[in-house]
Amino acid sequence: MLDKGFLDKLKGIVGDENCRTDTAERYCYAFDGGIHRAMPDAVVRPQTTQQISDMVKLANEYKVPIIPRGAGTALCGHSVAISGGVSVDLQGMNKIKEIHVEDLYVVVEPGVIYDQLNAALAEKKFFFPPDPGSAEACTIGGMAACNASGMRAIKYGATREYVLGLEVVMPTGEIVEMGSRTIKDSSGYQFAKFMLGSEGTLGIITEITLRVIPKPKKNAVAVAAFNKLEEAGQGVSNIIGYPVLPSGIELMDDVCIKAVNQATNLGLPEVEALLLIEVDGHPEAVKEDIEKVAEICKSSGATSVEYTDDEKRKVELRKGRKSMIPALSRYKPEWAAVILADDMAVPISKIPQTVKAFHEIADKHGIIVATYGHAADGNLHTKVLMDPLDPEHWKHGEQATAEIFEAVHNVGGTTTGEHGTGITKAPYMRAERKSLIEFMKKIKRTLDPNNIMNPNKMMDWEEGIITHLRYPVNIGGGTDPKNPEGKKSGGSD
Amino acid sequence: METKALDKYKKEMVTCTLCGFCKSVCPVFEHKGWDSSVARGRILLAYGLLTGEIEADDSVVDRIFHCPTCNDCYRRCPSKIKTVEIVEAARKDLRAAGLSLPKHETMIKNILEYGNPYGETENRLEKLDLKPHPAKLGYFIGCTSAYRVETNKAVISILEKLGEDFTILDEVCCGSPMKRVGGSDDEQLQVVNHNLDEIKKLGIENLIFTCAGCFKMFKLDYPELIGELGFKPMHFLEYLAEKDLKFKPYPHKVTYHDPCHLGRHAGVYDAPRKILEKIPEIEFQEMEKNREFATCCGGGGGLRIAFPETSGEIAGERIKNAEFAEVITTPCPFCVVNLNTGKELVGSKIEVKDMIELIDELLE
């Protein structure tokens, strides 16, 4: 419960109409796209950087946690108010402030939606490439805070490759400008880059300057079917090593293929692995590259390869990939796709053995792990299919998740490629980055002495992951499903 | 609070991945901006009611009822969560617990007492001076057409020009307004059974509608309540699209608004376009968002009566999308009424034209 004096002052800063403490709002902001939930004590929608700065100073005075939030599409509890406090919804700060394609940059507020920015840039034949799966809903501020990326990372990189400058309200309320508007910048510490991936623990991003690039003129898509996962993996390595630099290679394992066939009439070949490969660029280069991709796939063992640059056919070929998530979520009547181990990255050549290891771990625990992902950059996405209302499934899900990340770390992989850490991946990031955890904590304590900025996340999350669950299931030692507040005690330490 | 209606959607709500893609299409979210004002939020609130995690206080009731049931969220949902069904189930449970909105309660009371949501006391057939007779083709007038606009005259005129033997019936409200805002099965069955008896009495085989809400109710909700209908509900435009119609020229730039309950809910997209194509000299242009992607007029789901401000803002936005045209036409009288509200709000010069009236004016 917030101190009345604090709440009155908070309303004074953002305005009554931009501050809510009712049940409906607090409950809806208790969730993001992941498995955890905990209610904030208030939700605010600030309109200016100055309001945010004033609010953060006030929160320091009263030691109230502040949880920055974009569209709430994160998958690991990043914006879940695990210690209560004020959820700061930045969706209302959604202006594209400046577009300067001739200087290769744009300046935006944090609440601008990725797709809306690209729609504005498309008019000038430019784009901001990272292309996360949540492109139509996620915000640029959230992408920067989590260093998000997507299908095109192999060729175009992640958000960090495009952030030139940031304006940030630091945990003690100062407004700091980081980076610049220039393509090159060696002036001092590269703090704008440092903030990427901080997930709201080191400040609130209030303005982003992004590098943008011209849109490729054409693209083409190939679909290749492989009887052996290893052959698909070899195909990916052969394409990249040739070298052809695709704009994306998507992998679907046999579980994903079965799920799509079960849910649609697409009739995908029932093989161990499918690759969906996209190339883009100058029309002549695209033609040459896609033909070469098809040839490499065949020589790598593909049983069938189809490729096209026809717009209609490209849409049809992408249908399988697009229908996969709904197909998986309804794979078995009482099961659902649960966000547990979902976003690891491994060296590209290790993909086949890693996927096989996932299947063995799933079989051992009586759950299903469906794997797809951005094969060209080694970033795998898994959907754990289980009954989210069965406590036994959660216990096995947790054990399987630990084993999956152990397998990932054993081949030199990392815990998260593009979704971030939050709560759900915290134990595995801690296991992976042992030498870094204390250093991260020191930085956090220095910049945020009252520990108010999205506290108890990443390196500071010391519990397991099967806790504070959003599902109505009571697991021994877990959250009482009748406790909607679901809070961890204390916001400041 | 008991959650009898929501119980059957437990798995559906757990299956929602909370991806938030519904934010890109929800017309209420576009105007409100808070996370409780979008399908994902409504599903969470319904889920909180089901699990008992939250109390149904005023804020929860407000958000659950703040939805036009336009179904664009379902269209966009990657997991195909039955969002509108969940919202309607939540409303049913809230209402059973005595937590309805006063304006909706009055509407339901009016339907049960007077046979229409407006509380009009005059029998619609006496008002319109019409008498039923046995015929294979029936016309279900609908409450808005009977009491608020004059679409009925256009329908009758068109059918007479075509030389059809048709009948109206001694109808009462189809029940759609009740169903959308949480009317119980018993309440719905009172009007459903009355209408079905009248249809049976007259030997109707094909029943035509102009109101998208009435049509959706008969086509999709009546079978849910009582099983097979024994007659075929058709939207009037589906009926007309199959006819050899000859029109006078109409040299105007026209666009078409797809009513949500006719388009996304009932799947009727081609018939209106097929008819508009037949009009000489018409300059027809689609709005950017059309067919299954069409945005809502904001009138449905009990939104217009309970939250006129939100409903009007949504209608105004739809009008702004159409301003490249001289005329925006749509066959649903309820959409016509709400789009006119939007037109006034944004001060647009566009003409909002009932498509049935347009057809009648141009039909030779």
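Chain identifiers are assigned alphabetically (A, B, ...) following the order of the sequence lines, protein sequences preceding nucleic acid strands; residue numbering begins at 1 within each chain.
By number of non-hydrogen pairs under 4.5 angstrom with chain A, the leading residue of B/Arg40, B/Lys80, B/Glu55 is B/Arg40. Contact count versus chain B (heavy atoms, under 4.5 Å) is highest, among A/Ala135, A/Gly92, A/Gly34, A/Gly72, for A/Gly72. Your options are B/Thr15, B/Asp35, B/Thr17, B/Val38, and the one with the most heavy-atom pairs under 4.5 Å with chain A is B/Asp35.
Taking 4.5 Å as the limit, some side-chain heavy atom of A/Gln91 sits within range of a side-chain heavy atom of B/Phe29. The shortest side-chain heavy-atom distance between B/Lys23 and A/Glu136 does not fall under the 4.5 Å cut-off. Proximity of A/Ser134 to B/Phe21: side-chain heavy atoms (C-beta onward) are separated by under 4.5 Å at one or more points. A/Ile113 has its side chain out of reach of B/Ser24: every pair of non-hydrogen atoms, C-beta onward, lies at least 4.5 Å apart. Taking the side chain as every heavy atom from C-beta outward, B/Lys11 and A/Leu389 never approach each other to under 4.5 Å. Taking the side chain as every heavy atom from C-beta outward, B/Glu53 and A/Arg470 never approach each other to under 4.5 Å. Using a 4.5 Å cut-off on side-chain heavy atoms (C-beta onward), A/Tyr27 and B/Ser59 make no contact. A/Asp22 places a side-chain heavy atom less than 4.5 Å from the side chain of B/Arg63.
Around atom CG of B/Asp58, no more than 12 heavy atoms belonging to other residues, nucleotides or ligands sit under 6.0 Å away. Residue-environment remark: CD (B/Glu105) exceeds the threshold of 12 foreign heavy atoms within 6.0 Å. By the neighbour-count criterion of 12 heavy atoms within 6.0 Å, atom NZ of B/Lys253 is densely surrounded, having more than that number from other residues, nucleotides or ligands. Within a 6.0 Å radius of CD in A/Glu17, more than 12 heavy atoms belonging to other residues, nucleotides or ligands are found.
Closest approach of A/Ala137 and B/Gly20 over heavy atoms only: CB-O, 3.6 Å. The heavy-atom pair separating A/Cys19 from B/Trp34 by the smallest distance is N-CH2, 4.0 Å.
For chain A, no part of B/Arg42 is nearby; none of its heavy atoms comes within less than 4.5 Å. Residue B/Cys22: no heavy atom, backbone or side chain, is found under 4.5 Å from chain A. In this structure, chain A has no heavy atom under 4.5 Å from any part of B/Ile64. At a 4.5 Å heavy-atom cutoff, A/Asn94 makes no contact with chain B through either its backbone or its side chain. Contacts between A/Arg20 and chain B at a heavy-atom distance below 4.5 Å involve backbone atoms as well as side-chain atoms. Looking at A/Val338, there are no atoms closer than 4.5 Å to chain B (heavy atoms on both sides), in backbone or side chain. Interface residue A/Arg330: only side-chain heavy atoms are found under 4.5 Å from chain B.
Here the SG atom belonging to B/Cys19 is positioned 10.0 Å from the CD1 atom belonging to A/Ile339, to the nearest 0.5 angstrom. For the atom pair B/Ile54 CD1 and A/Thr23 OG1, the distance stands at 7.0 Å (nearest 0.5 Å).
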